[in-house]
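Below is one structure, written out as structure tokens, with a few remarks after it.
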Protein chains: 2
Amino acid sequence: MKKTPDIPKCEMVKRYVRHLLKDDIIAYGEKLPSEHDLTEKFQVSRQTVRQAFGELTVEGLIYKEQGKGTFSNYKKGAKGSQIVAVVTTYLSGFVFPGIISGIEQVLSDEGYMMLLSNTNNIKEREAQYLKSVLEHNVVGMIIEPTASSGPNVNSRLFSVIREKGIKTVFINACYDDFDSAYVLLNDKKGGYTATEYLLQLGHTRIAGIFKTDDKQGVNRMQGFTDAFRTYGADGDQRLIGEYDTANMYDYPYMFAQSLLRSKNRPTAFFCYNDQCALMVIQAIHDQGLSVPEDISVVGYDDSISPLNSEVKLTTIRHPKQEMGVQAARFMVDMLEGRAEKPQYTHEPELIVRKSCRNI
Amino acid sequence: MKKTPDIPKCEMVKRYVRHLLKDDIIAYGEKLPSEHDLTEKFQVSRQTVRQAFGELTVEGLIYKEQGKGTFSNYKKGAKGSQIVAVVTTYLSGFVFPGIISGIEQVLSDEGYMMLLSNTNNIKEREAQYLKSVLEHNVVGMIIEPTASSGPNVNSRLFSVIREKGIKTVFINACYDDFDSAYVLLNDKKGGYTATEYLLQLGHTRIAGIFKTDDKQGVNRMQGFTDAFRTYGADGDQRLIGEYDTANMYDYPYMFAQSLLRSKNRPTAFFCYNDQCALMVIQAIHDQGLSVPEDISVVGYDDSISPLNSEVKLTTIRHPKQEMGVQAARFMVDMLEGRAEKPQYTHEPELIVRKSCRNI
DNA sequence: CGCCTCAACTTGTACGTACATGTTATTCTA
DNA sequence: TAGAATAACATGTACGTACAAGTTGAGGCG
């Protein structure tokens, strides 16, 4: 009486061989039973055994040498050839030296290789890379979701990834419909803290510019409006600007310019990130005004070295390196069975420099 | 009469299918002839066709759907799933934001993914990664050789890589016994230029500290001694220090300290790289001396921002970003058939700052 | 004793057959 | 005409056989 008659015989053989390898019955480099041995043991044809061996070879668990036999290619501690994929939205700019180098440090130390790719926040490229990852025998993925505030159009692909046993760690943002390990930054609180700071300085007409195709931007905007509500201040909807990946290089400047030319112009700007803040500062300067004397500006991410820039920008610290290190640690812990689904949210921190004044 | 009767039939089928795909007879996503069709066309058994299809599936060229058929998975322009491996010695330090980001820019633009790993200058890790790369269906490798001044113990692995048709571009250094595309820096000339500069400033007792397990260091030392010979100056052998990866964090300091304490101390130091120069400057300061008043120092690589450091270090510029970009362009050109074996050597450039004076 | 041959064993290639499973389009039925 | 049944066709799994090719060790020969 067979337990599960619907399991293919080929699958039975594969399971048996995996058991031999993973339970240390056959050590790395040692010889496996020959095809003929397994033919007799399982009472299957040699073709069936060959098929099983073939698939295990593709998986990299075993290798064959004609005339000699089939051998274990499975090392328990040796993750030397294992790949962790890292899929981010942007690599240039501030993320590269930060999060990525944090991830790299840990993975390199632990002997993993790192497969880098970036989506430029385009959903199709995310899909393309997810498929590639599935083809290339990757053991884990660290993902910064693409256009995370929109619907997760790639959820089917993520399901396949999960089914294949590939571990995932989300960073910066995560999809609502996919439960996974993550390392986030509390962007809502960051937006709140920055806005609170400006309100406490006496500003009331505070403009907010947010990139809202990422969840980060949506959360920062949420914190912005929450702060107004808490402090009982009136938030002027016309002072809030939203943009996305497509117009990220011109919108902040244009929006700031139009506000500055209006008769009741804002006295402060809270910007989605430092890059955005730089464009706003440019617009302020181009109007013949100065920071912080005329207008106060708060950025986000602390991605611009205060040494190099003219204006010492007050901003929210983004623990890039630490988050990268932690995401990679989470990944390694999961891969090596020390953790199930670790999750952590970092708390943001206001860095006061010299781009704001009280009024 | 058959042309080549020693080619397996299975191989014949594979070649035919490849031809169908690569010569655009069957476009991406279109259906291939069924197993039965090819059985008749080639007068082989279905098993043989199945074997060919199986191997092509592993290569990622085709995919099958039960009941529907077999389809092309080959896109001419779409290299989205193709991987270029990058094997460097160190990733932390100066290389990471430089060469790697240069490589990354190009590969990312061209739609390739990048597999990062670093050897920490350990030959065994190089071997380990080369093997992994062979297993993971990589189309190209950009390699900074490990311990390049020593014998190329991994030459057999490199041969296998070549046989598999994997393209290689060497960066910073290359092995003598392996002809390949490369992007180098003329380190001999760099060493010469730096030393010449010190000699022209009137220095005669110039110390040189070199990391000689890499070819870069050997070449820089060569340029150093060449300059002495050209200028007819006496090079004191006792002023030359050689170290390697194992003692890279203490040797420069110790060696400089011992020279500074000697009665006939040098008036200038030429250092293997800026990191080394920083340790030498530390040793000089610790002896109560200052740079450049008492001792002149020249570094190499221009890897330390002059904004952040106390001493504005005169150094040789290493076009990190440019070299990374070029290596990646070479790789893409080779992969897409626009170049055979491109090679280029960058010329170094002296950057005069404030760590040297004439005497 | 050293070398060579060969048998035994391993995987590789190739043929054949049969039936299962999934997809699609046609045909038949209500 | 809408829906169900079915035939035709695709790949998936599994059995069997035969011979080729590479490796190894035992035995025999000089």
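FYI, side chains are in, hydrogens and waters are out, and symmetry mates aren't considered; it's all heavy atoms of this structure. Order of the sequence lines sets the chain letters (A, B, ...), proteins ahead of strands, with each chain counted from 1.
Around NE2 of H19(A), the count of heavy atoms belonging to other residues, nucleotides or ligands within 6.0 Å exceeds 12.
The side chain to side chain donor-acceptor pair (under 3.5 Å) test with E144(A) is passed by exactly one of N121(A), T119(A), N118(A), T89(A): T89(A).
Ring geometry for F158(A) versus F170(A): interplanar angle of 30 to 60°, hence tilted.
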(message) Checking E55(A) against Q51(A) for the side-chain hydrogen bond (donor to acceptor under 3.5 Å, both in side chains) test, could you report, in this order, the C-alpha distance in whole Å, the side-chain angles of both residues, the deciding distance, and whether it holds?
(response) CA-CA 6 Å; E55(A) 287 169 23; Q51(A) 166 135 15; 3.0 Å; yes
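The residue among Q47(A) and F53(A) whose nearest nucleotide of DNA chain C is located toward the 5' end is F53(A). Mapping Q51(A) and S34(B) onto DNA chain D by nearest heavy atom places S34(B) at the nucleotide closer to the 5' end.
If you take CZ on F53(A) and SG on C10(A), they are separated by 11.0 Å, rounding to the nearest 0.5 Å. Rounding to the nearest 0.5 Å places NZ of K64(A) at 12.5 Å from CZ of F71(A).
At whole-Å resolution of the value, CD in E35(B) and P in dC19(C) are 19 Å apart. Taking atom NZ on K9(A) and atom C1' on dA20(C), their separation rounds to 13 Å, with Å as the unit. Atoms CG (D37(A)) and C1' (dC9(C)) sit 10 Å apart, rounded to a whole Å.
DNA chain C is contacted by Q66(B), G67(B), K68(B) of residues 65-72 of chain B, taking any non-hydrogen atom closer than 4.0 Å.
Contacts of Q43(B) with the nucleic acid, taken as non-hydrogen atoms under 4.0 Å apart, involve only primed sugar atoms and P, OP1 or OP2.
Scanning both residues, M141(B) and V87(B), for their nearest heavy atoms gives CE-CG2, 3.7 Å.
Using a cut-off of 4.0 Å between Lys/Arg side-chain N and Asp/Glu carboxylate O, D176(B) and K215(B) are scored as salt-bridged.
In the 5' to 3' direction, nucleotides of DNA chain D lying under 4.0 Å from heavy atoms of chain B begin and end at dA10(D) to dA14(D).
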